[in-house]
Amino acid sequence: MTTITRAASIPLILSDPYFSIWSPADHLYDCDTQSWTGKEQPVRGYVTIGQSTFRFMGADSVVPAIPQTEMAVTATQTRYTFENEQVLLEVTFSTDLDLQDLHKISEPVTAITTRAVAKNGEDSVTIGLTFSEEICRDTTVKEPLHWRTITTPTSKLVWMGKGRQTPLDSSGDLIDINWGYLYLGAAADLDVTYRKNHDLLVVTYPVTSNKQSLADASGTTILVAYDDIHSINYFGTPTNALWKEKYRGMCELLEVYLQELPERLADCKRIDQMVTDAATEAGGTTLDLITAFSYRQSICAHKLIRDQEGEIIFLSKENSSNGCIGTVDISYPSSPLYLLWQTELLKGMLRPVYKFAAMPVWEFDFAPHDVGRYPYATGQVYSEVHRPGSLDWSDRGGYDTLYDYYQLPAGQNVYTADHQMPIEECGNMLALVSATYLRDGDSAFFSRYLETNRKWADYLAAFGQDPENQLCTDDFAGHLAHNCNLSLKAITALALFGKALVQFGDAKDGQQYSQKAQAMAKIWQETAIADGDHTPLAFDRPDSWSLKYNIVWDKLFSLDLFPTDLMAKELVKYIEEANEFGTPLDQRATYTKADWLMWVAIFAQDADTLEKIIGPVAHYLQNTPTRVAFSDWYDTLDGHQMNFKNRSVVGAMFMPMLERELNKN
């Protein structure tokens, strides 16, 4: 558990990249809770002690705030403590995200548990929570809301949502969901209501207060949930979140959840302990802090569905970037968390890409970048051919739904080659499918896409040694020719694919790819020469340097491509170039990517070196002036977020834990 008094914002996560509410944790930032997009979606919390009422969440100019004294963050829970002269209050947000139970991680439910102690030991304490109508819609148009209260012998539920529901009616980035229903669930004896005058869901309840400490006080828990009706347009088919195949609907899910509440909260503690133990073993308290802020975010920036063939599909949203869905170079950095604890979800990231790549509209010999724009998985949108003045697929607004690109025949010239990422995405796909197979031995999955992977491997063998002027995943830095790190991706992916083929039983082809990678690695070492004891950003720029994060597969899977002292020397350079909040991505700018810092950290040969690499990431999380969900792209001089936030790529923070786990075997 990581305890801090001034921290990045976290509280309410409902397992959906369209819906997660973030509240500035420090009471000095006195504002309403916000969606990750920045739009206010007020959730307000009040505590009444005797005749006095104080506010512990949200903005309210009438009711004074109670000071926050502590915040403790774990993988599945965030616990806030508030205190003044009258009352001690604890509020805990819990999300049961068990990676071994796929239905659970698709459930859009958060439990809120409160405990309170009246300091005089006599006054009663009451909690009040209000949830605004703004959570149910993205637009400012005031459409009528519908609501209903459902009572059972053991529970009371209340929901609200727009009267005219239009599921999947918009697509884009930095927009919120504009359909679905917000639910509150509680025990039957709690006061859960809908308030028409402000269109609010409201819950009010007393809490045990005549105890000596919070540890002695019994907690009261309510559930807040969001039913999005339909989740994804998956190549023309509206699909539901995975939890709906287990329950008739949200009412049944919440009723069962309330019955299982002790087990659910215990499950959160078990997961928290598992993550803490693994993180502490691999990187001490620093890694524990970083992964505590990453676990929920990475999982919840995906949507989990099942396709028409009954297979798991796990689709990321490229939040605060361009809104792409199922982006290959988003899955790549996020993979350590899923290689560590649930490879089926990694397969769920890859299946949509293979499906689209096999369609006639995709006419390239290399892998695609994405499969659409959230929540439309209907074909790549990145690098479309733009036709000025033409109202076709390239003239798409921020809310417009997408054309079904996947149904187009060949020869339509939908995509321009100039802004593709051929080496990047081929390397990503080969590395991920090979690492997954080496991790879990699923021959059926590996063999299903073998011919496509051979084609992409041949592309890397032909063009990966010295990449032409093209983009890589760090596309915000622009095109770059002779990219040394991109070449490393081609080399390590080829070697990884070769090793997987050998394990699969195809020793002949596997050895050929491995030998090709060995030959390329030898050339790489002969040509990646810099001024000093490190390697350059590009083969033709000896006065440069960059983070060589793509080399990690060599260490993770013992590919024996490069000498061990290569990265030892690189780390010396990275530490030398570090600023207060970490080492920049390369010498061109002062910003960095936290995911790549965590990847290169696995080459640290002692605890002190590891701390010098990952310590600044933890320092950034605790001290960034930008109060948003964990941003993976930030400035190393002042800690300001550059742009990205709430993205799935923070699964990368589990790379040191993955490396330690693989070294055990």
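Just so you know, these numbers use all the heavy atoms, side chains as well, and skip hydrogens, waters and symmetry mates.
Side-chain contact between Ile551 and Trp524 is absent, with no heavy-atom pair separated by less than 4.5 Å. Proximity of Ser320 to Arg647: side-chain heavy atoms (C-beta onward) are separated by under 4.5 Å at one or more points. Between Leu345 and Leu304, some side-chain heavy-atom pair lies under the 4.5 Å cut-off. Counting only heavy atoms from C-beta outward, the side chains of Thr81 and Leu88 approach each other to under 4.5 Å. Between Ile423 and Gln470 there is a side-chain heavy-atom pair separated by less than 4.5 Å. Two residues are said to be in side-chain contact when any heavy atoms from C-beta on lie closer than 4.5 Å; Ser544 and Pro536 meet this criterion. Contact of the Phe54 side chain with the Pro67 side chain is not registered, since no non-hydrogen atoms from C-beta on lie closer than 4.5 Å. With a 4.5 Å cut-off on side-chain heavy atoms, Glu661 and Leu339 do not count as touching.
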Worked verdict on Ser546 versus Lys548 for side chain to side chain donor-acceptor pair (under 3.5 Å)
CA-CA 6 Å; Ser546 66; Lys548 300 301 189 298; 2.9 Å; yes
Please evaluate residues Asp370 and Val381 with respect to the criterion side-chain contact (heavy atoms from CB on, under 4.5 Å), reporting the C-alpha separation (whole Å), side-chain torsions for both, the decisive distance (0.1 Å), and the verdict.
CA-CA 7 Å; Asp370 62 81; Val381 296; 3.8 Å; yes
Criterion side-chain contact (heavy atoms from CB on, under 4.5 Å) on Lys104 and Asp267, from CA distance to verdict:
CA-CA 11 Å; Lys104 280 186 177 180; Asp267 199 36; 3.3 Å; yes
Applying side-chain contact (heavy atoms from CB on, under 4.5 Å) to Cys484 and Thr535, what does each step give before you reach the verdict?
CA-CA 8 Å; Cys484 292; Thr535 60; 5.9 Å; no
Carefully, step by step, assess Ile299 and Leu337 under the rule side-chain contact (heavy atoms from CB on, under 4.5 Å).
CA-CA 9 Å; Ile299 296 170; Leu337 173 57; 4.2 Å; yes
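For the residue pair Asp272 and Thr76, a side-chain donor N or O sits within less than 3.5 Å of a side-chain acceptor on the partner. Inspection of the Thr327 and Glu318 side chains reveals an N or O donor paired with an N or O acceptor under 3.5 Å. Counted by atom type alone, Asp474 and Tyr549 present one or more donor-acceptor pairs between their side chains at under 3.5 Å. Donor-acceptor pairing under 3.5 Å is recorded for the side chains of Ser35 and Asp176. Using a 3.5 Å distance cut-off with no hydrogens or angles, the side chains of Ser487 and Lys489 do not pair a donor with an acceptor. Glu611 and Thr286 share a donor-acceptor pair across their side chains, judged by distance under 3.5 Å alone. Looking at Ser94 and Gln77, their side chains do bring a donor and an acceptor atom within 3.5 Å of each other. For the residue pair Tyr338 / Ser331, no side-chain donor-acceptor distance below 3.5 Å is found, with atom types taken as modelled.
Checked by atom type and distance alone, the side chain of Asn483 pairs as donor or acceptor with a backbone atom of Asn485 at under 3.5 Å. A donor-acceptor pair is defined here as one N or O able to donate and one able to accept, closer than 3.5 Å; no such pair exists between the side chain of Glu425 and the backbone of Pro368. Within the 3.5 Å criterion, the main-chain N or O of Gln41 finds a donor-acceptor partner in the side chain of Thr33. Put simply, the side chain of Thr492 gets close to the backbone of Leu488: a donor and an acceptor are under 3.5 Å apart. No donor-acceptor pair under 3.5 Å is formed between the side chain of Asp32 and the backbone N or O of Glu40. In this structure, Ser334 contributes its side chain and Val649 its backbone to no donor-acceptor pair below 3.5 Å. A side-chain donor-acceptor contact under 3.5 Å links His479 to the backbone of Asp418. The closest donor-acceptor contact from the side chain of Glu424 to the backbone of Asp329 lies at 3.5 Å or more, if one exists at all. Of the possible polar contacts, one joining the Ser171 side chain to the Tyr374 backbone as a donor-acceptor pair under 3.5 Å is found. Within the 3.5 Å criterion, the main-chain N or O of Ile105 finds no donor-acceptor partner in the side chain of Asp96.
The aromatic ring centroids of Tyr574 and Trp596 lie 6.0 Å or more from each other. Taking the six-membered ring for Trp and the full ring otherwise, the centers of Phe82 and Phe56 sit less than 6.0 Å from each other.
Atom-to-atom distance recorded for Leu99:CG and Leu340:CG is 9.0 Å, nearest 0.5 angstrom. We find the CG-CG distance between Asp565 and Asp533 to be 8.5 Å, quoted to the nearest 0.5 Å. Rounded to the nearest 0.5 Å, atoms CD1 (Ile135) and CG (Asp138) are 13.0 Å apart. Put simply, OG1 on Thr343 and CE on Met349 are 10.5 Å apart, with the number rounded to the nearest 0.5 Å. Summarising the geometry, atom CG belonging to Leu460 is positioned 5.0 Å from atom CG belonging to Leu494; distances are rounded to the nearest 0.5 Å. The CD1 atom of Ile575 sits 7.5 Å away from atom OG1 of Thr583, with the distance rounded to the nearest 0.5 Å.
Applying side-chain hydrogen bond (donor to acceptor under 3.5 Å, both in side chains) to Arg296 and the options Thr95, Thr110, Thr78 leaves one that passes, Thr78. Considering Lys645, Gln641, Lys593 as possible partners of Asp632, the one that fulfils the side-chain hydrogen bond (donor to acceptor under 3.5 Å, both in side chains) test is Lys593. Of the candidates Phe644, Tyr634, Tyr620, Phe476, Phe476 is the only one forming a ring-ring contact (aromatic ring centres under 6.0 Å, His included) with Tyr591.
A salt bridge is absent between Lys573 and Glu570: the closest approach of a Lys/Arg side-chain nitrogen to an acidic carboxylate oxygen does not fall below 4.0 angstrom.
Taking the six-membered ring where the residue is Trp, Trp553 and Tyr332 present tilted rings, their angle falling between 30° and 60°.
Atom CD of Glu468 has 12 or fewer heavy atoms from other residues, nucleotides or ligands within 6.0 Å. Sparse packing is recorded around CD of Gln605, with 12 or fewer heavy atoms of other residues, nucleotides or ligands lying under 6.0 Å away.
The minimum heavy-atom distance between Val371 and Pro352, with the atom names listed, is CG1-O, 3.5 Å. Taking all atoms of both residues into account, the shortest heavy-atom contact from Ile613 to Leu597 is CG2-O, 3.5 Å. For Leu430 against Ala493, the heavy-atom pair with the smallest separation is CB-CB, 4.1 Å. The shortest heavy-atom contact between Tyr382 and Gln420 is O-NE2, 4.0 Å. Considering all non-hydrogen atoms of both residues, Ile614 and Gly283 come closest at CD1-O, 4.2 Å. What you find for Asp173 and Ser321 is that their closest heavy atoms are OD2-N, 2.9 Å.
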